[in-house]
K.L.:
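Handing you a structure now.
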Amino acid sequence: MTEQQEQMLAQLNPSQREAVEYCDGPALVIAGAGSGKTRVLTYKIAYLLSLGYQPWSILALTFTNKAADEMKLRIARLLGDRDVASRLWMGTFHSVFLRILRYEHENTGFASNFTVYDAADSKSLVKAIIKKLQLDDKQYKPGVVQTHISNAKNQLVTAEEYVGNPENLMADQRSKMPAIGQIYKRYSDRLRQANAMDFDDLLLHTYLLFKEHPEVLQKYAEKFHYILVDEYQDTNFAQHQIVQQLGSVHQRVCVVGDDAQSIYAFRGANIDNILSFNRIYADSRLFKLEQNYRSTKNIVNAANSLIHKNQGQIPKNVFSEKEQGERIAVTEAYSDIEEAQIVTRKIIELNHHEDIPFSGFAILYRTHAQSRVFEEALRKQGLPYRIYGGLSFYQRKEVKDVIAYFRLTVNPDDEEAFKRILNYPARGIGQTTLQKIVDAATAFNVSLWSVVCQPLSYQLNVSKATLTKIENFRLMMDRFRQMALVNSADVVGQNIMKESGVVQDIYSDMTPEGKARQENLEELMNGLSEFVDSRREEGETNVGLTDYLSEISLLTDLDSKEGANEERVTLMTIHSAKGLEFDTVFVVGLEENLFPSQLANSSMREMEEERRLFYVAVTRAERHCFLTYAKSRLRYGKMEFGNPSRFITDIDPQFLNFHASVRSTKKSSRYDDVELPWAPRPRFNAQPRRSEPTTVQMPPRPAEPRFKPVRPSASAAAAASSQGRLQVGVRIEHQRFGFGEVLKVEGTGDNTKATVAFQNAGTKQLLLKFARFTIIG
DNA sequence: CCTCTTAAACTTTTT
DNA sequence: GTTTAAGAGG
């Protein structure tokens with residue numbers, strides 16, 4: 001063993017070390033909450049590299065981009081100057097498979113420029129099909145049908161197989177939706193027609209690709225000498241099978257997970273995947289990480305007593321060696337509004353007396369709808385906060401519209417994009433005409449775009465005037481495509497914005513809502529420019545719209561890097577909080593029918609998942625954990641009265657402290673404010689009232705020119721002058737990545753490249769020609 | 001074909 | 001209470 005390896009392994013506890021060192025075959029690592037799961041994964045990858053594994057032969061799969069980014073960052077830091085993190089195959093299941101599917105598209109029957117439909121696109125398509133089949137959308141609710149289709153795909157059942165199996169029809173008849181098979185079949189046909197895949201297809205088609213083309217599977221199974229999977233308890237059948245396919249040659253598969261934290265069964269995650277791992281990989285070894293490094297003894301013990309109420313789990317003994325800590329405080333509030341006030345007050349108090357920064361607080365709730373009251377309370381007190389989740393930036397109407405132009409430019413057959421923009425901005429092609437186009441397309445089994453190209457051959461029956469309008473639309477899109485052939489994504493994007501008339505439409509609206517939309521589009525265009533710049537700096541020459549769309553199609557709000565390091569209170573659902581930790585956690589809304597959700601009442605299985613969700617919530621806390629519930633709450637605009645959640649009594653009372661709120665005994669109105677007995681700490685700027693009903697706080701941008709002018713070669717002059725002084729060891733400040741140190745300089749002239757380790761952004765390769773930074777010594 | 005008004009549905013959780 | 005769908009009128 002080399003000294004470097006010894007040094008690295010010395011930083012692990014004995015069980016972590018065992019898990020890292022065992023590299024000869026399949027391994028299952030059961031990692032309790034806060035036990036250093038990510039640490040094991042990153043050290044294991046670093047260790048593999050030190051053994052001589054090539055970075056591109058290691059595949060590491062996660063569920064969120066955030067987890068993947070975090071791991072890359074930590075590996076880069078661990079390895080120091082070896083710039084290999086970027087060459088690892090690391091990412092979410094969906095993003096890695098998207099990459100493979102694009103590369104191997106010839107064997108999938110899709111063109112390489114296929115679109116990824118988001119959930120809204122899928123739903124809209126399902127809805128259109130239900131309508132087309134003249135089914136009652138009360139009986140066939142699009143969302144419910146979509147879930148059925150999604151479940152089938154996650155079980156790797158294709159539409160053909162679904163229709164071919166009479167059992168499915170019988171099951172669907174029992175649920176009063178016998179036509180689901182028919183809808184599923186038509187749905188897949190239309191996706192193929194549109195050259196598009198939905199989220200589930202990224203898994204299903206990867207599986208099919210490998211199954212139907214053994215030679216392709218062989219290539220990847222040989223390529224990946226080691227496969228690591230994070231959060232294995234959340235994998236569904238499809239993911240489980242693909243991992244098995246890819247591991248078939250080398251059998252070196254290491255999965256990490258915690259059955260107690262399985263919270264995605266509703267989405268098809270199968271806890272059996274982790275429970276049956278030992279059976280599938282005959283000679284697999286089991287490692288358990290049981291020491292929790294995150295939370296106080298009290299929190300860990302409370303969580304243990306809670307999860308003990310669940311049946312059937314892998315036995316483990318999670319323990320903490322940290323201080324005992326205080327008991328978990330349970331507080332009753334009179335109303336949801338008072339609940340928010342209590343939490344806000346407590347945050348101010350802890351911030352004041354214990355110097356806990358605002359970023360050390362998290363308010364965790366079961367549903368997004370609960371965020372609003374907390375948002376208002378925090379704003380009233382001038383506390384900085386950030387709400388995660390809900391409508392992401394890319395799902396806002398105006399943003400989706402522009403993205404639809406990009407999508408249709410890249411993929412003419414994209415139906416959902418087509419429908420979105422055919423008459424936006426208004427160009428006199430209405431619902432009736434669209435319906436005719438759709439009908440013609442379905443009749444001839446072609447895409448909507450094909451109909452527009454040859455309206456006569458597809459017997460499109462519209463007036464002469466309408467035909468001209470359609471023709472103009474077609475010509476415009478063709479211009480965009482010509483442009484996209486030779487220009488980079490930012491240039492094309494700017495042009496599309498202007499020529500499509502979107503800019504004119506949005507900027508003619510001077511209402512506050514209109515202003516907000518303008519800001520969002522500026523944000524979008526800035527993001528596009530940044531994307532192109534950053535790809536260029538990394539040496540990519542042709543950064544097209546396809547690249548950009550691939551990047552953003554799989555992004556969620558949680559992945560936005562902006563404001564991540566700011567001093568703000570975090571508000572999020574418990575689901576999004578998985579994997580995170582905070583000094584102080586408030587778990588709110590602990591009422592029957594809210595948490596646990598009333599929908600979980602029907603089965604034990606669902607109730608246990610809710611309990612695991614609560615377990616996840618409590619174990620996010622390092623030092624303080626507070627539980628609150630409200631006796632009354634406004635829901636659907638109506639006042640409801642609830643009872644405390646059963647989960648509170650699931651925790652052994654020796655770990656709890658019960659409080660009734662001071663005010664709930666007094667007569668109080670829902671609307672008056674709580675007077676604070678102390679002055680709050682320095683106030684931060686309150687967030688401006690959002691004019692859009694979204695739950696995302698986008699960081700305010702400094703006043704800038706409307707759209708950043710496109711820079712063909714950034715600040716080439718500045719770069720050239722600094723180039724001479726740029727050498728190993730020099731510290732720089734990059735416009736976007738922040739402070740970093742130069743590790744390597746190679747190449748000459750325009751091709752000079754520098755490898756820079758940034759404090760917060762990881763190690764990046766910068767092409768000096770494009771990079772914007774200043775040398776600081 | 002567009003836009004304004006009114007009615008109904010909505011809330012789990014997300015890649 | 002909020003957002004989307006449908007229907008009437010221009």
Side-chain angles (χ1 to χ4, degrees), chain A residues 61-68 91-98 116-120 122-124 127 131 137-138 141-143 146-147 150 153-154 197-203 231 234-236 238-239 262-269 336 364-373 376 388-392 394-395 397 422-435 462-463 465-466 469 553-559 572-578 589 593-601 606 609-610 612-614 616-617 633-640 692-695:
Chain A
L61 298 169
T62 66
F63 276 83
T64 61
N65 296 300
K66 197 184 167 99
T92 62
F93 279 93
H94 291 84
S95 68
V96 168
F97 296 163
L98 174 61
V116 178
Y117 273 9
D118 67 17
S122 320
K123 195 170 175 180
S124 151
K127 202 172 171 183
K131 200 173 173 185
D137 65 357
K138 296 241 165 32
K141 292 193 176 137
Q146 192 188 10
T147 307
S150 173
K153 287 187 177 181
N154 287 332
M197 294 196 195
D198 65 17
F199 285 139
D200 303 313
D201 282 337
L202 295 177
L203 306 179
E231 309 276 18
D234 289 332
T235 50
N236 59 34
Q239 290 160 327
S262 158
I263 55 175
Y264 284 110
F266 74 92
R267 208 175 68 190
D336 50 349
L364 306 181
Y365 34 76
R366 179 66 238 272
T367 65
H368 280 302
Q370 290 163 261
S371 66
R372 181 168 219 96
V373 207
E376 274 161 23
Y388 291 80
L391 257 200
S392 97
Y394 294 105
Q395 288 176 338
K397 281 178 237 74
L422 177 66
N423 195 35
Y424 174 78
R427 49 176 73 90
I429 312 175
Q431 215 49 55
T432 324
T433 309
L434 174 61
Q435 199 49 55
V462 294
S463 71
T466 309
K469 289 173 189 160
S553 61
L554 299 174
L555 278 189
T556 64
D557 180 53
L558 209 57
D559 305 317
M572 54 169 58
T573 63
I574 301 164
H575 281 89
S576 4
K578 194 164 66 141
N593 294 331
L594 181 60
F595 192 17
S597 157
Q598 63 217 14
L599 293 119
N601 256 324
E606 287 169 293
E609 175 146 316
E610 293 282 308
R612 291 194 295 271
L613 190 58
F614 186 39
V616 167
R633 173 180 301 280
L634 219 49
R635 263 177 122 182
Y636 313 103
K638 281 220 169 74
M639 185 69 78
E640 282 186 9
E692 280 285 286
T694 57
T695 48

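Below, all heavy atoms of this structure are taken into account, side chains as well, without hydrogens, waters or symmetry copies. Since the model is a prediction, treat every value here as computed from it, not as a measurement.
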K.L.:
Just how far, in rounded Å, is P of B/dT15 from CG of A/D118?
P.N.:
12 Å

K.L.:
Of the options B/dC2, B/dT12, B/dC1, whose atoms approach the side-chain atoms of A/T432 most closely?
P.N.:
B/dC1

K.L.:
Reckon A/T92 has a side-chain N or O less than 4.0 Å from the OP1 or OP2 of B/dT15?
P.N.:
no

K.L.:
If you only use heavy atoms from C-beta on, which nucleotide in B/dT12, B/dT13, B/dC1 is closest to the side chain of A/E606?
P.N.:
B/dT12

K.L.:
Output the single nucleotide from B/dT12, B/dT15, C/dT2 whose closest atom is nearest the side chain of A/H94.
P.N.:
B/dT15

K.L.:
If you compare every side-chain N and O of A/N593 against the phosphate oxygens of B/dT12 (OP1, OP2), does one of them come in below 4.0 Å?
P.N.:
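So the side-chain polar atoms of A/N593 never come under 4.0 Å of the phosphate oxygens OP1 or OP2 of B/dT12.
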
K.L.:
Looking at NE2 of A/H94 and CG of A/L202, how far apart are the two atoms once the value is rounded to the nearest 0.5 Å?
P.N.:
5.5 Å

K.L.:
Would you mind classifying the nucleic acid contact of A/F93 as base, sugar-phosphate or nothing, using non-hydrogen atoms under 4.0 angstrom?
P.N.:
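Touches nothing.
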
K.L.:
What distance do A/Y264 atom OH and A/L613 atom CG have between them, rounded to the nearest 0.5 Å?
P.N.:
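Here the rounded value is 8.5 Å.
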
K.L.:
In whole angstroms, how far is the C1' atom of B/dT15 from the CG atom of A/L554?
P.N.:
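Atom CG in A/L554 sits about 8 Å away from atom C1' in B/dT15.
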
K.L.:
Taking C/dA6 as the reference, what is the distance to B/dT11 when you measure between their C1' atoms (whole Å, please)?
P.N.:
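That atom pair is separated by 22 Å.
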
K.L.:
C/dT4 P sits how many Å from A/K127 NZ, rounded?
P.N.:
10 Å

K.L.:
When the nearest nucleotide of DNA chain B is assigned to A/K469 and to A/Y636 on a heavy-atom basis, which residue is associated with the more 5' position?
P.N.:
A/K469

K.L.:
Less than 4.0 angstrom between a side-chain N/O of A/S597 and OP1 or OP2 of B/dT13, yes or no?
P.N.:
no

K.L.:
Atom NZ of A/K138 to atom C1' of B/dA7: distance rounded to whole Å?
P.N.:
11 Å

K.L.:
What's the closest nucleotide to the A/L599 side chain, out of B/dT14, B/dT12, B/dT11?
P.N.:
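Nearest to the side chain of A/L599 among the choices is B/dT12.
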
K.L.:
Can you tell me how far apart CG (A/N236) and CG (A/L203) are? Round to the nearest 0.5 Å.
P.N.:
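That separation rounds to 6.0 Å.
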
K.L.:
For C/dT4 versus B/dT13, give the span between their P atoms, rounded off to a whole number of Å.
P.N.:
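One P to the other, the span is 15 Å.
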
K.L.:
Please step through side chain to side chain contact (heavy atoms under 4.5 Å, CB included) for the pair A/H368 and A/T573, ending with a clear verdict.
P.N.:
CA-CA 6 Å; A/H368 280 302; A/T573 63; 3.4 Å; yes

K.L.:
For A/T466 and for A/D200, find the nucleotide of DNA chain B with the closest heavy atom, then tell me which residue's nucleotide is more 5'.
P.N.:
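Result: A/T466.
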
K.L.:
Please report the distance, rounded to the nearest Å, between CZ in A/R635 and P in B/dT12.
P.N.:
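The answer, rounded to whole Å, is 9 Å.
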
K.L.:
Looking only at the side chain of A/A426 (C-beta and beyond, no hydrogens), which of the listed nucleotides C/dT2, B/dC2, B/dT15 gets closest?
P.N.:
B/dC2

K.L.:
Please classify the nucleic acid contact of A/S95 as base, sugar-phosphate, or nothing, using heavy-atom distances under 4.0 Å.
P.N.:
nothing

K.L.:
Hey, what do you get for OH (A/Y388) to NZ (A/K66), rounding to the nearest 0.5 Å?
P.N.:
5.5 Å

K.L.:
Got a second to check how far A/K469's NZ is from A/T433's OG1, nearest 0.5 Å?
P.N.:
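With rounding to 0.5 Å, NZ (A/K469) is 8.0 Å from OG1 (A/T433).
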
K.L.:
Look at the side chain of A/R372 and decide which nucleotide, out of B/dC2, C/dT2, B/dT12, has an atom nearest to it.
P.N.:
C/dT2

K.L.:
In this structure, how many angstroms lie between the C1' atom of B/dC10 and the CD atom of A/Q598, rounded?
P.N.:
12 Å

K.L.:
With the six-membered base ring of B/dT15 as reference, does the ring of A/F63 sit under 5.5 Å away with planes under 30° apart?
P.N.:
no

K.L.:
What is the distance from NE2 of A/H368 to C1' of B/dC10, rounded to the nearest Å?
P.N.:
15 Å

K.L.:
Do the side-chain N or O atoms of A/S576 get closer than 4.0 angstrom to the phosphate oxygens (OP1, OP2) of B/dT14?
P.N.:
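Looking at the OP1 and OP2 atoms of B/dT14, one of them is under 4.0 Å from a side-chain N or O of A/S576.
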
K.L.:
From CD of A/Q395 over to C1' of B/dT14, roughly how many Å is that when rounded to an integer?
P.N.:
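For the pair A/Q395 CD and B/dT14 C1', the rounded distance is 10 Å.
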
